[in-house]
Amino acid sequence: MDENTSNFIHDFIDEDIAEGGPYAGKTVHTRFPPEPNGYLHIGHAKAIYIDFGTAQKYGGVCNLRMDDTNPAKEDTEFVDAIKEDIHWLGFDWGDRFFYGSDYFEQTYAYAEELIKKGLAYVCGLTPEEFREYRGDTSTPARSPYRDRPVEESLDLFRRMRAGEFPEGKYTLRAKIDLASGNFNMRDPVLYRIRYIEHHRQGTKWCIFPMYDFAHPIQDAIEGVTHSLCSLEYEDHRPLYNWVVENVSVPSKPRQIEFARLGINHTVMSKRKLRKLVEDGRVSGWDDPRMPTICGLRRRGYTPQAILSFCERIGVAKMPSTVEYGFLEHCLREDLNEKATRVMAVLEPIKLTITNYPEGKAETFMVENNPNHLEDGQREVSFSRNLYIEAEDFMEVPSPKYFRLFPGNEVRIKGAYVAKCTGCVKDENGNVTEVLAEYDPESAGGDPKDGRKVKSTIHWVDANTAVDAEVRIYDNLFSDPDPDSGEKDFLTCLNSDSLRIHSGCKLEKSLENAVFPHSYQFMRKGYFCVDNRDSSKEHLVFNRSVALKDSFNK
RNA sequence: UGGGAUAUAGUGUAAUGGUAACACACUAGACUUUGACUCUGGUAUUGUAGGUUCGAGCCCUGCUAUCCCAGCCA
């Protein structure tokens, strides 16, 4: 996290670690606690950035903890993926990797402590009764087992653990306030019975702590000072604090909430992403159309771009929705700086240089990155027969069209300037070939007489061109917004999120080329190779593929 | 409705009682071996009505709008 940036969380921490504050002289300690029930997405990237970044800013540490207190939802499959994605983003938890479930024994002991203090009791309400007895905004909850003697609760709780009762028969509840306006405080359930194999604990346990009880205890055991989480836990903070204060935990962490990330038209809930995977709408969690970290990785996003995005969207308490274009901007900015350029023609049409000798070939050197000449040059071959982008020729130019049309001169990037002399059409009147004459005195692209050309176009030598299928992936947009609830988000997904261009002509072999992505983005002119193999370099197609409409206004 | 939060430009954030700033987007222009990039200019009296003050985005009061919670999920 940038030393210069600051947000309200930092303000709180500054107070806490200042002279006389509750954590004066202590190391700032945070944690990132994903539930291993899915892959991390761009929303998690924000949380990761805040959790790890805040620790970094204060010279503290951040734990990675799998929040696995619900055996029904969690799976080991996701643990490694989560670790990989966090590492890829550039954060490291050192040796502080934990499982919430590793604290089950201690958590259990704290539960017994509460019972002995008279602050928790075993409740015999069925789930249905529980709902009935909960009361409403004007009616306090009722809890007939609230005054069960300590010894009896203790005995029942131990027998719950021993597996003497079926699921739903008993729960352990905290004794707090049945009349609270905050329903989380109406004697919340602390433990429930579940006969499901836990992904790590196996069948050792049949009672599992609820998030509200487990989380503050886990934080406290690990010495977390600041437990940063999203806004929906604001209502839970009183309960979080109640646990910290009433259980003899070794430290007193503080929970601070911030607004989670929303991106317009982007599917961001794990539940929905899972559905996309399960329904086969995408090839997997790492499908390049997915907003998952691994999907973005394959779509060509760099960790720096994502981090820059997280940095710049800021941290606040106001729920907000960032424009997807801002994420694209952060990527363009990063790729523009460091990606290698190549020429590729997506929709090729022949360009014949009629006054260039048949059979002649020469090569030109082209810079790999115009912003960084130190990145060197590469050799490209040139001949009489080239491929250019079909839209770089218009027989009848629209206003402000500067590229090839009869009589107009353009620069063939890195090679020569050439003047369009006409075109060849098939029997249907479709243009099949563009004709031009080059200026032999303009090798390298600059005419000897210093005359200017208005436009430069990219191209590929027909003799050396590599044929390829190019897949352009776009973010899987949903319109209306997936959370609007107006329609099923599945029916509103953009259908052209994957466009396959076959017969593309590339300067060199780009196996499995993937182009990110939206038309808007392409207009700005970038693509990269499929980054499933992250060792592959990023390539930038430094050419505007403007919407045709934009010429005609 | 009961509880919890939040309101600054189209979007996201700054400004901690003293000239409303930055980025994205949009827009006009300059530059350019790609119409990209880069550069320059333009775009808000801070949800609303009052109050305190020499001075209010900030403090106070009322109102309005939006979001979250009301699982034996996290």
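Throughout, protein chains are lettered first and strands after them, A, B, ... in sequence-line order, and every chain is numbered starting at 1.
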Practice prompt. Please state whether the base of B/G35 and the side chain of A/R403 form at least one donor-acceptor pair under 3.5 Å?
Written response: yes
Worksheet entry | Nearest-angstrom distance, C1' atom, B/C67 to B/G47 | 15 Å
Worksheet item: With a 4.0 Å cut-off on heavy atoms, is A/Y233 in touch with a base, just the backbone sugar-phosphate, or nothing at all?
Response: base
Worksheet item: Touch check for A/L125, heavy atoms < 4.0 angstrom, all strands: base, sugar-phosphate only, or nothing?
Response: base
Practice prompt. With heavy atoms under 4.0 Å as the rule, sort A/T126 into base, sugar-phosphate or nothing.
Written response: base
Worksheet item: Can the ring centres of A/Y195 and A/F208 be said to be less than 6.0 Å apart?
Response: no
Worksheet item: Do A/F104 and A/H198 have their ring centres less than 6.0 Å from each other?
Response: yes
Worksheet, complete the sentence: B/A7 -> Watson-Crick or G-U wobble partner, both distances under 3.5 Å, gives B/U64
Worksheet entry | Options B/G35, B/C73, B/A25, nucleotide nearest the side-chain atoms of A/N70 | B/C73
Discussion item. Considering every strand and a 4.0 Å limit on heavy-atom distances, what is the contact class for A/F326: base, sugar-phosphate, or nothing?
Written reply: sugar-phosphate
Worksheet entry | CA sep, side-chain torsions, deciding dist, call: A/E164, A/R159, salt bridge (Lys or Arg N to Asp or Glu O under 4.0 Å) | CA-CA 6 Å; A/E164 291 186 25; A/R159 289 165 63 194; 2.7 Å; yes
Worksheet item: Which is true for A/D136 with a 4.0 Å heavy-atom rule: it touches a base, it touches only sugar-phosphate, or it touches nothing?
Response: nothing
Discussion item. Taking 4.0 Å as the cut-off, does a side-chain nitrogen or oxygen of A/R271 come that near to OP1 or OP2 on B/A74?
Written reply: no
Discussion item. Nearest heavy atom decides the nucleotide; on that basis, is A/V322 or A/W459 closer to the 5' end of RNA chain B?
Written reply: A/V322
Worksheet item: Within the structure shown, what part of the strands sits under 4.0 Å from A/R312 by heavy-atom distance: base, sugar-phosphate, or nothing?
Response: sugar-phosphate
Discussion item. Once you apply a heavy-atom cut-off of 4.0 Å, does A/M185 come out as touching a base, just sugar-phosphate, or nothing?
Written reply: nothing
Item to complete: With A/Y110 as reference, evaluate A/L190, A/I217, A/V243 under the side-chain contact (heavy atoms from CB on, under 4.5 Å) test and give the passing residue.
Response: A/I217
Item to complete: Go through B/U34, B/C72, B/U13 for me and flag the one nearest to the A/M343 side chain.
Response: B/U34
Fill in: Polar side-chain contact A/H236-B/A74 base: donor and acceptor under 3.5 Å
yes
Discussion item. Between B/U64 and B/G71, how far apart are the two P atoms, rounded to whole Å?
Written reply: 27 Å
Practice prompt. Assign A/R173 to base, sugar-phosphate, or nothing according to its heavy-atom contacts below 4.0 angstrom with the strands shown.
Written response: nothing
Item to complete: Tell me what A/N37 touches on the nucleic acid: a base, only sugar-phosphate, or nothing, going by heavy atoms under 4.0 Å.
Response: nothing
Item to complete: Could you check whether A/L231 gets within reach of a base, just the sugar-phosphate, or nothing at all, counting any heavy atom under 4.0 Å?
Response: nothing
Worksheet item: With respect to the side chain of A/S455, which nucleotide from B/G35, B/C72, B/U13 is positioned closest?
Response: B/G35
Worksheet entry | Anti or syn - B/G71, cut at 90° from 0 | syn
Practice prompt. With sequence neighbours excluded, tell me which residues meet side-chain hydrogen bond (donor to acceptor under 3.5 Å, both in side chains) with A/N408.
Written response: none
Worksheet entry | A/R161 charged N/C atom sitting above A/Y108 aromatic ring, 6.0 Å / 45° | yes
Worksheet entry | A/R254 with A/D16: basic N within carboxylate O range, under 4.0 Å | yes
Practice prompt. Return the nearest nucleotide to the side chain of A/E323; candidates are B/G12, B/U11, B/C73.
Written response: B/U11
Fill in: Modelled atom types, side-chain donor and acceptor of A/N264 and A/T266, under 3.5 Å
no
Review item, nucleotides 1-4 of chain B N/O atoms under 3.5 Å of protein N/O:
{"residue": "B/U1", "atom": "O2", "partner": "A/T137", "partner atom": "OG1", "Å": "3.4"}
{"residue": "B/G3", "atom": "O4'", "partner": "A/G181", "partner atom": "O", "Å": "3.3"}
{"residue": "B/G3", "atom": "N2", "partner": "A/D235", "partner atom": "OD1", "Å": "3.4"}
{"residue": "B/G3", "atom": "N2", "partner": "A/D235", "partner atom": "OD2", "Å": "2.6"}
{"residue": "B/G4", "atom": "O4'", "partner": "A/D235", "partner atom": "OD1", "Å": "3.3"}
{"residue": "B/G4", "atom": "O2'", "partner": "A/D235", "partner atom": "OD1", "Å": "3.3"}

